[in-house]
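Note sheet for the following structure.
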Amino acid sequence: MRIIRATDCRTMPWKNGQGITTEIVVSPEGASLSDFEWRVSMAQVGADGPFSAFPGLDRTLCVLTGAGIRLAFGDGETVALDHTSPPFAFAADRAVDGLLIDGPIIDLNVMSRRGAWTHSVERITGPGEHRIAGEAVLLLVAPEGGWSIDKGTLSLGDSALIRGQAEMTCLSDDGGHALYVIRLAPQR
């Protein structure tokens with residue numbers, strides 16, 4: 001298990017240059033925005049505008065802070081998301097504009113290369129112990145901190161990366177903070 005401290009994450013401009021993202025982890029390590037297999041990041045969204053297009057990728061979006069965002073897809077579909085919404089999955093090459101509901105947000109983005117990798121995102125909260133398992137790649141993201149895991153503590157913005165078969169216990173310090181459980185697996 002590797003603990004990824006928030007202070008060690010790389011901050012960079014969005015692919016379309018209209019915002020800032022903090023890259024938590026990318027595979028393979030050091031991959032560019034055009035050739036990664038999968039990537040997990042947090043974006044600061046301060047204004048309405050188009051999402052960056054990522055051909056051949058699938059994306060899951062979660063709102064971490066702020067009032068929320070409305071996604072307006074080019075085909076007419078609209079979806080409103082806030083911090084209580086379940087993770088929302090869509091093709092990262094679909095044309096979509098983000099319309100802020102009431103001020104800036106921070107979101108969590110998980111992307112994987114279609115046909116090569118799959119991913120799922122689960123948000124857990126609540127007091128007590130939570131048993132978490134993964135088979136290929138497991139990433140735990142604690143945007144607000146407040147979580148203890150088998151071999152450490154996740155503070156504000158920290159993550160834990162586990163490769164291979166994994167099973168662990170996660171414990172919320174107060175029950176009010178969310179933990180995002182991301183499972184990634186190569187397609188066979």
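Just the heavy atoms: all of them, side chains too, but no hydrogens, waters or symmetry mates, feed the values below. Residue numbers run from 1 in the order of the sequence given. No experiment lies behind these values; they were computed from the predicted model shown.
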| said: Can you tell me how the ring of F88 sits relative to the ring of F73, calling it parallel under 30°, perpendicular over 60° and tilted otherwise? | reply: tilted
Any sub-3.5 Å donor-acceptor pair from [X]'s side-chain atoms to [Y]'s backbone N or O?
X	Y	result
R70	T78	no
R59	S112	no
S32	S34	yes
Q187	G115	yes
T21	M42	yes
D58	R114	no

Say you draw a straight line from [atom1] of [X] to [atom2] of [Y]; how long is it, rounded to the nearest 0.5 Å?
X	Y	atom1	atom2	result
L154	L171	CG	CG	11.5 Å
R2	L161	CZ	CG	6.0 Å
T11	E23	OG1	CD	9.5 Å
S52	L33	OG	CG	8.0 Å

Counting only heavy atoms not in [X], do more than 12 sit closer than 6.0 Å to its [atom1] atom?
X	atom1	result
E129	CD	no
E135	CD	no
H130	NE2	yes
D102	CG	no

At their closest point, which heavy atom of [X] faces which heavy atom of [Y], and how far apart are they?
X	Y	answer
T84	R123	O-NH2, 2.9 Å
G126	S172	O-CB, 3.5 Å
A72	L99	CB-CD1, 4.2 Å
M1	A160	SD-CB, 4.0 Å
P50	D97	CA-OD1, 3.1 Å
D93	G56	OD2-N, 3.1 Å

Would a hydrophobic clustering, with Ile, Leu, Val, Met, Phe, Trp and Tyr connected at side-chain separations under 4.5 Å, put [X] with [Y]?
X	Y	answer
L71	L100	yes
V141	W117	yes
W147	L156	no
V121	L64	yes
L184	L108	yes

| request: With side-chain contact (heavy atoms from CB on, under 4.5 Å) as the test, would you mind laying out the steps for I106 and V45 before giving the verdict? | output: CA-CA 6 Å; I106 296 177; V45 183; over 6 Å; no
| Ion pair present between R113 and E37, side-chain N to carboxylate O less than 4.0 angstrom? |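 No salt bridge links R113 with E37.
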| query | Hey, are E77 and R94 close enough for a salt bridge, meaning a charged N less than 4.0 Å from a carboxylate O? | reply |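 Here E77 pairs with R94 in a salt bridge, since their nearest N and O are under 4.0 Å apart.
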| For L81, the option from D107, L61, I101 that meets side chain to side chain contact (heavy atoms under 4.5 Å, CB included) | L61
| Test side chain to side chain contact (heavy atoms under 4.5 Å, CB included) applied to I182 and I24, V110, L140, the passing residue |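 Checked I24, V110, L140 against I182; only one passes side chain to side chain contact (heavy atoms under 4.5 Å, CB included): V110.
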| What's the verdict on side-chain contact (heavy atoms from CB on, under 4.5 Å) for W38 and V137, showing C-alpha distance, side-chain angles and the deciding distance? | CA-CA 11 Å; W38 54 265; V137 177; 3.9 Å; yes
| Do S85 and V63 come close enough that some side-chain heavy atom pair is under 4.5 Å? |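 The answer is no, as the side chains (C-beta and beyond) never meet within the 4.5 Å cut-off.
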| message | Could you check whether any side-chain heavy atom of C62 comes within less than 4.5 Å of a side-chain heavy atom of P87, counting everything from C-beta outward? | response |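 With C-beta onward as the side chain, the pair touches.
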| request: Go through the steps to decide whether L179 and T125 satisfy the test side-chain contact (heavy atoms from CB on, under 4.5 Å), and finish with yes or no. | output: CA-CA 6 Å; L179 181 70; T125 58; over 6 Å; no
| Under the side-chain contact (heavy atoms from CB on, under 4.5 Å) criterion, do Y180 and L139 qualify, and how do the steps go? | CA-CA 8 Å; Y180 291 84; L139 181 69; over 6 Å; no
| message | For residues 152-164, which residue pairs pass the side chain to side chain donor-acceptor pair (under 3.5 Å) check, not counting sequence neighbours? | response |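 Every pair satisfying side chain to side chain donor-acceptor pair (under 3.5 Å) with a residue in residues 152-164: R5-D158.
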| Can you find a side-chain donor-acceptor pair between H119 and T60 that sits under 3.5 Å? | yes
